[in-house]
Amino acid sequence: MTADNEDAGFIMAYEDSADRVPVLWIHGFPLNNTMWDPQITGLADVARSIAPDLRGHGLSEPTLATPYTVGLFAEDCLRLLDYLDAEGPVVVAGLSMGGYVALEFCRRAPERVLGLILAATKATPDSDAAKKARDESADVAENEGVQQVVEGLLGKMLAPRTYRDDPELVEYLHSMMMGTTPEGMVGALKAMRDRPDSTVDLPEFEMPALVIHGQDDQLIPTSEAKAMVLALPSAELVLVPNAGHMVNLEQSEIFNEAVRSFLEKFYEE
Ligand code: MLT
């Protein structure tokens, strides 16, 4: 961009991402906002990226007084947008647990949502068996630290092919997961355990939506993505080959292309 800097008598070129579509990137479990680095960099020309670390994750402090819920995480995101004066609607993008928070954000503040990106996530709640497994993992994290939970999860986060071909990504993901505090891990496990069933709300979410899912996701089956697309009034589905749960990292170019063409519609309006 350029501005006529009349007083100084020259045309000044500058960069200001304020004219780009604001995207709130909400990370998954047990991760942090660096998982969005390929999107923040690769989509910088079309997106103003706002990527919080949720409580107890990444560089955000853990808190103890309030039980973590997806509602609390969504309110934290809303407060961050207010703090940044991003009062207009934003595209809300969440991966996995971030998707659960994104759905909660839509429930609480639909007027603040320009568009919705749901990656590697689902609208269904935890089964009884899944709730029990959350409690067991929370006990382990509370009593022994995060390592055992991280080791148990790491083998399911990526597509089998990614483990074989991209050891650097495996290591990068491992260290990101290990950076989560025990308090953050326990809180997030309980928040996910108690999250509401969002399937009933999907027909009400009229904003444009993009659902992206890795075809080799070992944690959440593609059937969950397909079901969300059928229930949402205005959603498109992108199934990404050779990608597991961390679809945005494993196939970042395909992921970014899908997001780029989704964001274009907000420039046309
Ligand atoms: C995530 O990746 O955020 C979690 O694995 C989601 C979940 O456990 O339901």
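All ligand and atom numbering here is 1-based and tracks the order in the structure.
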Trainee: Show the numbers, then the answer: is there a salt bridge (Lys or Arg N to Asp or Glu O under 4.0 Å) between Arg195 and Glu104?
Mentor: CA-CA 9 Å; Arg195 72 184 189 280; Glu104 183 63 33; over 6 Å; no
Trainee: At less than 4.0 angstrom from any non-hydrogen atom of Met97, what atoms of ligand 1 do you find?
Mentor: 1 (C), 3 (O)
Trainee: If we only count N/O pairs under 3.5 Å, is His245 in contact with ligand 1?
Mentor: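 Yes.
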Trainee: Do the charged groups of Glu136 and Lys132 touch, with an N to O distance under 4.0 Å?
Mentor: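 Between Lys132 and Glu136 there is a salt bridge, with a charged N closer than 4.0 Å to a carboxylate O.
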Trainee: Between Arg79 and Asp76, does a salt bridge (Lys or Arg N to Asp or Glu O under 4.0 Å) hold up when you go through it step by step?
Mentor: CA-CA 5 Å; Arg79 268 190 293 272; Asp76 288 342; 2.6 Å; yes
Trainee: Return the OG1 to CZ distance between Thr181 and Arg55, rounded to the nearest 0.5 Å.
Mentor: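 Going from the OG1 atom of Thr181 to the CZ atom of Arg55 covers 12.0 Å.
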Trainee: Any chance CD of Glu61 has more than 12 other-residue heavy atoms, nucleotides or ligands included, within less than 6.0 Å?
Mentor: no
Trainee: In this structure, does ligand 1 have an atom that sits under 4.0 Å from one of the heavy atoms of Arg134?
Mentor: yes
Trainee: Identify, for atom 9 (O) of ligand 1, the protein heavy atom at the shortest distance, and state residue, atom and that distance.
Mentor: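 For atom 9 (O) of ligand 1, the nearest protein heavy atom comes out as Tyr100 OH, 2.5 Å.
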Trainee: Quick one: which ligand 1 atoms are inside 4.0 Å of a heavy atom on Phe29?
Mentor: 1 (C), 2 (O), 3 (O), 4 (C)
Trainee: Return a yes/no value for Met157: is any of its N or O atoms, backbone included, closer than 3.5 angstrom to an N or O of ligand 1?
Mentor: no
Trainee: May I ask you to say whether Asp126 pairs ionically with Arg134, meaning some side-chain N is under 4.0 Å from a carboxylate O?
Mentor: yes
Trainee: Can you check which of Ser96, Ala130, Gly28, Ala120 brings a heavy atom nearest to atom 4 (C) of ligand 1?
Mentor: Ser96
